[in-house]
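One structure below.
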Amino acid sequence: MFRTTPGRRAILGLAVAAAMTVSLSACGEETDSGSTAPATNTSADTSLADKVPADIKTKGTLVIGSDSTYAPNEFLDADGKTIIGFDVDLFDAVAAKLGLKTEWQTATFDSIIPGVSSGKYDVGVSSFTINEDRMKEVNMISYFAAGTQWAAKTGTTVSPDDACGKKIAVQTATVQVDDLTAKSKACTDAGKPKITIDQYQAQSDATNAVVTGKDEAMLADSPIVAYAVKQTNGQLALLGEIYDSAPYGYAVGKDKTEFAAVISEAVNAVIADGSYKTALDKWGVAAGSVATSAVNPKA
């Protein structure tokens, strides 16, 4: 979620009850209302700003597509429309290095990369796991790393290594769907019952399905699951270890290679000046920090 497949990554936006309600009400909707921010207090780096392509520099504001149901990475604030989270704070700092503002727009996860390709969004920032399929469609700029983690209601005995016959919740168009599909095939190949894979458009809905008992467990990107467990106040517990760690990437149009390169330089600049660490520490996701950024790294 991680979010992956030609779709994506993946709130578990299950915040506290109030935050969860906000997330659930907004999930799956695509809206042009977003928040415009001058990014953070990060100062523009003239040497980097000078490398921004002229058309983008003239516009001055980047339109960002994001699935705002993925706390703590990107989710809706208490007002029900402002997108906040680790991804927001970090990319705002990156944009500020380039002398640009950001306008965040909520979109369904699987619509973002097509939106970037069509020019609707300048950048897709939504916990996209970098993989070969995505790099065929867009340029991907690495900035973080996450793995897959499972969770279930506290006290439930479900094994990520043997979930045959279980009902498992997952967000649509994520790498975790592929993972579950492979696990289910292994079950049937061994003469065991298949895994019932319940797919949800929003991660918050997948999380809620486990909390309410509709599904027996869920899996998603590691920081998302850890945050959900924390916010449910003991209702959920982690299962097993994190596996299949892979980088997240910002999505930029395939024809915007020059712009992708300068975004990567800006990521490295915020890593160097400490604002990267500040953003990760604020949201408790420092375990996914990376030393450097690159454009289209080997997936």
Side-chain angles (χ1 to χ4, degrees), residues 1-10 12 62 64-67 70 72-74 85-91 93-95 107-117 121-149 170-182 203 219-225 242-271 276 279-280 283 285-299:
M1 144 174 203
F2 348 119
R3 307 225 217 182
T4 172
T5 58
R8 155 224 206 180
R9 90 204 168 165
L12 274 175
L62 297 173
I64 312 298
S66 187
D67 172 9
Y70 216 53
N73 296 12
E74 47 269 337
F86 140 66
D87 262 341
V88 178
D89 286 356
L90 181 56
F91 192 78
V94 170
T108 55
F109 183 70
D110 53 5
S111 73
I112 298 171
I113 285 182
V116 170
S117 296
Y121 307 118
D122 296 304
V123 188
V125 181
S126 206
S127 306
F128 287 105
T129 301
I130 297 177
N131 61 28
E132 294 293 344
D133 287 337
R134 290 190 175 128
M135 289 192 290
K136 291 175 182 176
E137 299 183 64
V138 291
N139 284 299
M140 302 293 292
I141 302 102
S142 63
Y143 67 93
F144 189 75
T148 289
Q149 176 75 67
V170 67
Q171 185 181 23
T172 298
T174 65
V175 288
Q176 284 82 21
V177 173
D178 294 341
D179 184 15
L180 276 181
T181 300
Q203 178 56 53
L219 66 165
D221 291 1
S222 49
I224 309 307
V225 176
I242 295 171
Y243 60 93
D244 288 347
S245 183
Y248 279 173
Y250 300 133
V252 174
K254 201 66 176 175
D255 60 341
K256 304 289 185 183
T257 302
E258 180 184 355
F259 185 42
V262 74
I263 289 177
S264 181
E265 289 187 59
V267 174
N268 286 324
V270 299
I271 290 173
Y276 178 84
L280 271 60
W283 295 98
V285 297
S289 65
V290 296
T292 59
S293 169
V295 179
N296 297 326
K298 185 176 181 180

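Since this is a predicted model, take the numbers as computed values, not measurements.
- If you take CD on Q171 and CG on L219, they are separated by 11.0 Å, rounding to the nearest 0.5 Å.
- Annotation: side chain of Y248 is in contact with side chain of P223 (closest heavy-atom distance under 4.5 Å).
- A279 approaches D89 most closely through the heavy-atom pair CB-CB, 4.2 Å.
- In this structure I242 satisfies the side chain to side chain contact (heavy atoms under 4.5 Å, CB included) test together with Q149, S222, sequence neighbours excluded.
- The side-chain heavy atoms of P72 and I224, taken from C-beta on, include a pair separated by under 4.5 Å.
- Considering only residues two or more places apart in sequence or on other chains, D179 meets the side chain to side chain donor-acceptor pair (under 3.5 Å) condition with Y243.
- Side chain of S264 to backbone of I141: no donor-acceptor contact under 3.5 angstrom is found.
- To the nearest 0.5 angstrom, S126 atom OG is 12.0 Å from Y250 atom OH.
- Residues meeting the side chain to side chain donor-acceptor pair (under 3.5 Å) test with Y143, sequence neighbours left out: D87.
- With sequence neighbours excluded, the residues that form a ring-ring contact (aromatic ring centres under 6.0 Å, His included) with F86 are F144.
- V116 and V123 make their closest contact through CG2-C, 3.9 Å (heavy atoms, listed as atom of the first residue, atom of the second, distance).
- In terms of the side chain to side chain contact (heavy atoms under 4.5 Å, CB included) criterion, residue partners of T292 (sequence neighbours excluded) are, by chain and number, N268.
- Minimum heavy-atom separation, A260 to V295: O-CG2, 3.6 Å.
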Inset, instruction - Could you please spell out the steps behind the side chain to side chain contact (heavy atoms under 4.5 Å, CB included) verdict for V94 and I263? - result: CA-CA 7 Å; V94 170; I263 289 177; 4.2 Å; yes
Legend entry - Criterion side chain to side chain contact (heavy atoms under 4.5 Å, CB included) on N73 and W283, from CA distance to verdict: CA-CA 8 Å; N73 296 12; W283 295 98; over 6 Å; no
Inset, instruction - Take L62 and F259 through the test side chain to side chain contact (heavy atoms under 4.5 Å, CB included) and record every step on the way to the result. - result: CA-CA 12 Å; L62 297 173; F259 185 42; 3.6 Å; yes
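- The two residues A107 and S111 make their nearest non-hydrogen contact at CB-OG, 3.6 Å.
- The side-chain contact (heavy atoms from CB on, under 4.5 Å) test with M140 is passed by exactly one of N131, V252, I130: I130.
- Taking both residues in full, the closest heavy atoms of I113 and A251 are given as CG1-CB, 4.4 Å, listed atom of the first, atom of the second, then distance.
- Pairs engaging residues 246-263 under the salt bridge (Lys or Arg N to Asp or Glu O under 4.0 Å) rule: D55-K256 [sequence neighbours left out].
- F128 is not listed as a side-chain neighbour of V138, based on a closest heavy-atom distance of 4.5 Å or more.
- Closest approach of N139 and G253 over heavy atoms only: ND2-O, 2.9 Å.
- Within the model, atoms OG of S289 and CG of L90 stand 11.0 Å from one another, a figure rounded to the nearest 0.5 Å.
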